[in-house]
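Since we're looking at a predicted model, the values are computed, not measured. We name chains A, B, ... by the order of the sequence lines, and we start the count at 1 in each one.
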2 protein chains.
Amino acid sequence: MATKRPSSAIEDYLRAIYGLVERGVEVSNATLAKRLRVSPSSVSGMVAKLADLGLVTHVPYHGVELTEPGRRAACDVLRRHRLIELYLVEELGYTWDEVHVEADVLEHAVSDSLIERISAKLGDPTRDPHGDPIPAADGSVEQPPTHLLRDLEPGASGEVARVWDTNPEILRYLAHNGITLGARIEVLERQPFGGPLVVRVGERTHSLGNEVTAVLLIRVPTSQ
Amino acid sequence: MATKRPSSAIEDYLRAIYGLVERGVEVSNATLAKRLRVSPSSVSGMVAKLADLGLVTHVPYHGVELTEPGRRAACDVLRRHRLIELYLVEELGYTWDEVHVEADVLEHAVSDSLIERISAKLGDPTRDPHGDPIPAADGSVEQPPTHLLRDLEPGASGEVARVWDTNPEILRYLAHNGITLGARIEVLERQPFGGPLVVRVGERTHSLGNEVTAVLLIRVPTSQ
DNA sequence: ATAGTGTTTTCGGCATGCCGAAAATTCGAG
DNA sequence: CTCGAATTTTCGGCATGCCGAAAACACTAT
């Protein structure tokens, strides 16, 4: 029998930790506090609790790491979150900038059986509307090899595989400029000193700032 | 701007009070405690809080009554609850005995905008899978005139308009015997001393106990 | 009137999670 | 090595909601 689900607060922390690791961001008390919009002292308290529960390992004054049960629980939440996002887009006409807030709440409220019906109705998809992989019901995740747009050299091209951000404004900006999942994108030139990257998407060229290029993951055909 | 939504606990109490009134059950501390599966002392505490918030009036040691703001808030929750139930049946293949538990949780998690999209997708329905009226977005509810099956005399007939219960076993029992919304039902005879009511539904006759006849609402053609 | 019964309320307590202020720790610069 | 800044933890406190035990109340029957 499936063991009971953690509290929403716990699930929020687990998903946040997983998300930071996934993006290669250091998982510190401070980054967690910022991401969860909570005070650092609250993070200390909750991390102690997570460690008690065996969901993370914690070296005081140093880092936090998910244990295997913790990773598994995080994947469960992530699966729910991403399936809900996709469902809202596919079945209820949401756009990719609207779904995150809604899914943040619903991920804690849907039952396992509901989420499996949703998955079935969507044809057991493996990507959410932002290109993020949807963990399978058994907790496995496939992370396809991609490159940050920021790291590509002029001349490189590929297609937009994933947008690593939840900020509705950035997402609307991208969609408005035709930068959506699957769009072909070619790097034309890079301005020095942290300047914008000039890219071509379809007929148009855009100068993209750091906030944007650090968030777009590109699938490059001949990787390596 | 819509004022913030009450806590889930508060919404649960409001919906419970509304539900008891709707069924003509006395709204006492005890009935509330039983319906919410909570201790009587918890009810006392929460009722005091609801009174503070102006959602109910409370005469200590006597009854609780919804104020107009309280009724309105209860209808909001009820609208969400019933739309979710219908949605699960229509779009995700749930049966009428499965939806209640799921909706109990989701009613607190769906945003107003999501619920309106759901309502639109369903064609702004006015009945949920149990025949319960779905309050409109403006808080108005229509209660169609019906009769408890228990109160009908032999010879009377009508169609099943509503099932006033959430117990999955009763609901499965009814569905299994063809007693679903819209089914024609005719009272054949009434056994005395609280005995069963014999009814005909389609080709078959059933002897229905009190638990069942007290829960079936019948629309009788020539009311009066 | 009053005793008894059942209901309701009050009271202190517990669990979860949040906070700010102050103490503890780390780590780089000098 | 030591000082100081930044981070992290500890501590006491608060809010929400739940509980059980005991006191307060209402209502019925004598």
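- Using a 3.5 Å distance cut-off with no hydrogens or angles, the side chains of A:S111 and B:E102 do pair a donor with an acceptor.
- For B:E169, the CD atom counts as loosely surrounded, since its 6.0 Å shell holds 12 or fewer non-hydrogen atoms of other residues, nucleotides or ligands.
- Between B:Y13 and the phosphate of D:dC18, there is a side-chain N or O to OP1/OP2 separation shorter than 4.0 Å.
- Computed from coordinates, the B:H108 NE2 to D:dT16 P distance equals 17 Å when rounded to whole Å.
- Annotation: the span from A:S207 atom OG to A:L197 atom CG amounts to 8.5 Å, rounded to 0.5 Å.
- The side-chain tip of B:R117 points at the ring of A:Y94 from less than 6.0 angstrom away and within 45° of straight on.
- A donor and an acceptor atom never sit less than 3.5 Å apart when one is taken from the side chain of B:S39 and the other from the base of D:dG20.
- Of the candidate nucleotides D:dC18, C:dT8, D:dA21, D:dC18 has the atom lying nearest to any side-chain atom of B:M46.
- When distances are taken from the side chain of A:S28 to each of C:dA21, C:dC18, D:dT8, the shortest belongs to D:dT8.
- Nearer to the 5' terminus of DNA chain C, by closest-nucleotide assignment, is the contact made by B:P40 (compared with the other of B:P40 and A:A9).
- Atom CG of A:N29 is separated from atom P of C:dT25 by 16 Å (rounded to the nearest Å).
- Atom P of nucleotide D:dC18 and atom CG of B:D12 are separated by 8 Å, given to the nearest angstrom.
- Under 3.5 Å, the side chains of B:H130 and B:H100 contain no donor-acceptor pair of N or O atoms.
- Listed nucleotides C:dC19, D:dT8, C:dG17 differ in distance to A:I10; the shortest reach to its side chain belongs to C:dG17.
- For A:Y61 and C:dA23, the OH to C1' distance is 8 Å, given to the nearest whole Å.
- Atom P of nucleotide D:dC18 and atom NZ of B:K49 are separated by 9 Å, given to the nearest angstrom.
- Between A:E26 atom CD and C:dT26 atom P there is a gap of 15 Å when expressed in whole angstrom units.
- Atom CZ of B:R37 is separated from atom P of D:dC19 by 12 Å (rounded to the nearest Å).
- Between A:S7 and C:dG17 there is a side-chain polar atom (N or O) within less than 4.0 angstrom of OP1 or OP2.
- Looking at heavy-atom distances under 4.0 Å, B:V43 makes no contact with the nucleic acid at all.
- One atom, CG of B:D52, and another, P of C:dT9, lie 14 Å apart when rounded to the nearest Å.
- OP1 and OP2 of D:dC18 both lie 4.0 Å or more from every side-chain N or O belonging to B:S42.
- Using a 4.0 Å cut-off, no side-chain N or O of B:H62 falls inside it from OP1 or OP2 of D:dC25.
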